[in-house]
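Since the structure comes first, as structure tokens, the remarks are kept for the end.
Chain letters run A, B, ... following the sequence lines, proteins first, then strands; residues in each count from 1.
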Amino acid sequence: MRESNLIQETWALVKKEVLIELRMKYAVSGMILYLVSSIFLGYITFSLGKASLNVPTWNVLFWVIMLFVATNSTAKSFVQESKGLLLYYYSIASPLSIILSKIIFNCMLMLFLMVFGFVIYSLLLGNIVADIPLFLLNLCVGAIGFSCTFTMISSIASKASNSGTLMAILGFPIIIPMLLLLIKISKFAIEGLDRSTVYDELTLLLAIIIIAISTSIILFPYLWRSN
Amino acid sequence: MGLTLQNNWWKIIGILLIYYVLIFGLIIDVPRLDILNETIRNLFFHVAIWFAMFIMLIVSVIHAIKYLKTSSLKHDIIASEFATMGIVFGLMGIATGSIWARFTWGGWWVNDPKLNATTIALLIYLAYFVLRSSIEDSHQKGRISSVYNIFAFAAAIPLIFILPRLTDSLHPGNGGNPGFSAYDLDSDLRKVFYPAVIGWTLLGVWLATLRIRIKNLSVKAEEFHQIDS
């Protein structure tokens, strides 16, 4: 009974997030523009006409852009919501379903932005990926990892003043290990090595994501009370 | 209370152990090894200080959890002061490690996963203090910073141990390098190393308790001021 309640509540909240996003398009379109302009910035500043970037530069630039997109798009989930609105959510839903719905919604958003970003990025800076399915799988795992971590960081940062800066300084050190693993896997994907070489990294990455989700679920109710 | 032997024996033991490490760390026979030579004595300072740092950070996380359970400000003060000591030990570890790196690897700072990982740990705990200073209300500060403390510890610290083992590192015990146990055939190093870990930890706990007492007093003084005005 209680479990089905939780699922229903979470589902309703996710649906609400998507509806708001679809009605007020400025959020998604803003992020898309952010993505395109930062990729274009990379294209212009590397002054790429014919030659393509070498593998490490291509790889790292891609993930750094994705990192900034992730911080900015997930910051919205708590930092940019008004105090009154949050209070209203808290009075109608359980903290568990709120954090789950935010994580699920951010996952969907990041997944969309990352795949879209990959398309634009490979159009402008050249596609050098040999093993595209593995790269896409890595993108999905990355989107989930980024959104899980940053959703929680966003809820922490939203409670303090100057939350824009806090979002970066709290989030970046925590995300570095995950980012390193993602870059490593995507390097394997770009070079098209045998897939069995990445299993270690992939399992480690999944383990971090599971830790991030479970700690978020355990800790979020305490943050909720502090409102 | 007071300066009785009952309450302070561990402080005396800590100081004695550190003196023991300072003296015997320099005079015992150490294995003669290529490149390392006499710098192997830094094991008693560099490695032991890292151990002490992680003990400080673990105490900090435990008190953060206790704060969330009890919401008594006492635990929040303990958590933040042990985190401070963790940062101090981390900086000392970086300083001693940097000297060691200069004489064995040839540079004050090398791009090594373990170095990067500890830098990440320091960044996390510095961010923790920025977070604390940006919240006014002390209960809110306690709750939010405890949540960050636990979250950061759970999400990043285990990796700091795992990641260097996956990639190549110049450190002993990583990337095919033998660990120190391989060098230490007659266990002479251990006789100083374990006391060193205990000594540095006790010193850290002592410093932390001093700071906790100062904090508690200043909290009390503030309360008096509020009653006065």
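Counting heavy atoms of neighbouring residues, nucleotides and ligands inside a 6.0 Å radius, atom OH of A:Tyr34 exceeds 12 of them. Remark: B:Lys69 NZ is loosely packed, at most 12 non-hydrogen atoms of other residues, nucleotides or ligands lying under 6.0 Å away. With a 6.0 Å radius and a threshold of 12 heavy atoms from other residues, nucleotides or ligands, B:Phe129 has its CZ atom above the threshold.
To the nearest 0.5 Å, the span separating CD1 on B:Ile144 from CG on A:Leu219 amounts to 12.5 Å. To the nearest 0.5 Å, atom CG of residue B:Leu68 and atom CD1 of residue A:Ile218 are 11.0 Å apart.
Chain B forms the most heavy-atom pairs under 4.5 Å with one residue out of A:Ile211, A:Ile175, A:Thr165, and that residue is A:Ile211. No other option in B:Leu131, B:Leu123, B:Asp137 has as many heavy-atom pairs under 4.5 Å with chain A as B:Leu131.
Of all heavy-atom pairs spanning B:Tyr148 and A:Ile153, the tightest one is CE1-CD1, 3.9 Å. Nearest heavy atom pair, residue A:Ala212 against residue B:Phe151, reads O-CE1, 3.8 Å. Here the closest non-hydrogen pair linking B:Ile135 and A:Ala160 is CG1-CB, 3.7 Å. Considering every non-hydrogen atom in both A:Pro173 and B:Ile124, the closest pair reads CB-CG1, 3.4 Å. Residue A:Thr215 comes nearest to B:Ala154 through the heavy atom pair CG2-CB, 3.4 Å, listed as atom of the first residue, atom of the second, then distance.
Residue A:Ile156 touches chain B through both its backbone and its side chain, counting heavy-atom pairs closer than 4.5 Å.
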